[in-house]
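Notes for the one structure printed next.
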Amino acid sequence: MALLRLVPDRYRAVLAASGWVALAATALPGGSPLRWLPVLLFVGLAPGVALLTPQPAGLRPGARLELFALAAPLSLSLATLTATALFLADAFSVVAFLGVLAAFVTVAALLPGVPLPAATDGADEPESAPGTARSPFRFRKREGGEQG
């Protein structure tokens with residue numbers, strides 16, 4: 001979580017550079033953890049994190065969990081779309097795949113993020129007065145006073 005506390009400009013730079021680091025890691029010998037670990041982390045998280053952050057006013061505590069819960073499926077969806085498009089164009093290679101994703105993450109890191117519901121004002125604050133909002137678990141009472 002220390003990465004999320006970085007200055008937004010540094011955070012954007014680290015996020016934008018992560019794809020190019022993963023692309024450079026493919027030059028290492030096959031089977032090395034120094035090769036597959038950066039690629040796995042980049043493909044699994046970076047595109048989604050780039051789309052969802054940085055938020056204009058920063059992330060609230062509840063939004064950090066929401067960010068990581070949405071980043072992985074979003075990243076894997078974008079990776080699948082990218083790989084499918086490259087396969088259909090008969091242009092798929094690891095370098096092309098990572099290059100397209102790295103360029104996407106670099107551009108997305110420069111744009112403002114998609115607003116998250118938990119990042120809005122009052123999302124993690126308790127209700128101001130009891131009974132003002134309806135609970136989704138509230139049950140209606142039966143007419144005539146019957147229970148059961």
Side-chain angles (χ1 to χ4, degrees), residues 1-140:
M1 294 294 169
L3 183 63
L4 292 177
R5 294 185 188 121
L6 291 176
V7 178
D9 292 337
R10 288 185 189 167
Y11 179 69
R12 288 178 178 184
V14 167
L15 191 57
S18 66
W20 305 110
V21 169
L23 185 61
T26 60
L28 295 171
S32 169
L34 293 176
R35 179 179 179 164
W36 60 264
L37 193 59
V39 173
L40 179 66
L41 289 174
F42 170 72
V43 172
L45 287 174
V49 171
L51 283 178
L52 297 173
T53 58
Q55 297 296 320
L59 290 173
R60 298 182 73 117
R64 289 186 185 121
L65 180 60
E66 184 181 3
L67 170 78
F68 285 109
L70 292 173
L74 186 58
S75 296
L76 295 175
S77 298
L78 290 169
T80 302
L81 288 172
T82 302
T84 302
L86 288 171
F87 272 120
L88 290 175
D90 275 339
F92 184 81
S93 70
V94 174
V95 173
F97 173 70
L98 289 175
V100 168
L101 280 181
F104 175 80
V105 169
T106 301
V107 170
L110 299 175
L111 300 174
V114 177
L116 299 172
T120 60
D121 289 335
D124 60 342
E125 296 173 6
E127 287 183 22
S128 58
T132 56
R134 294 188 62 173
S135 170
F137 302 109
R138 180 177 290 179
F139 296 101
R140 294 187 306 178

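Since this is a predicted model, take the numbers as computed values, not measurements.
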Return the set of residues passing ring-ring contact (aromatic ring centres under 6.0 Å, His included) with F87 (not counting sequence neighbours), or none when no residue passes.
-> F92

Roughly how far, to the nearest 0.5 Å, is CZ of R12 from CG of L111?
-> 8.5 Å

If you define the side chain from C-beta out and look only at heavy atoms, does anything of [X] sit under 4.5 Å from [Y]?
X: F42; Y: L98; answer: yes
X: L101; Y: P47; answer: yes
X: V43; Y: F97; answer: yes

Does T26 use its side chain to pair, donor to acceptor, with the backbone of L23 at less than 3.5 Å?
-> yes

Taking every non-hydrogen atom, the tightest pair across P38 and P33 = CD-O, 3.8 Å

Under 3.5 Å donor-acceptor pairs involving side-chain atoms of residues 102-110, not counting sequence neighbours:
unit_1 : atom_1 : unit_2 : atom_2 : d
T106   : OG1    : A16    : O      : 3.4
T106   : OG1    : W20    : NE1    : 2.9
T106   : OG1    : A102   : O      : 2.8

Indicate every side-chain donor-acceptor pair of residues 75-83 with a distance under 3.5 Å to a residue at least two apart or in another chain.
unit_1 : atom_1 : unit_2 : atom_2 : d
S75    : OG     : L45    : O      : 3.0
S75    : OG     : G48    : N      : 2.6
S75    : OG     : A71    : O      : 2.8
S77    : OG     : P73    : O      : 2.8
T80    : OG1    : L76    : O      : 2.8
T82    : OG1    : L78    : O      : 2.8

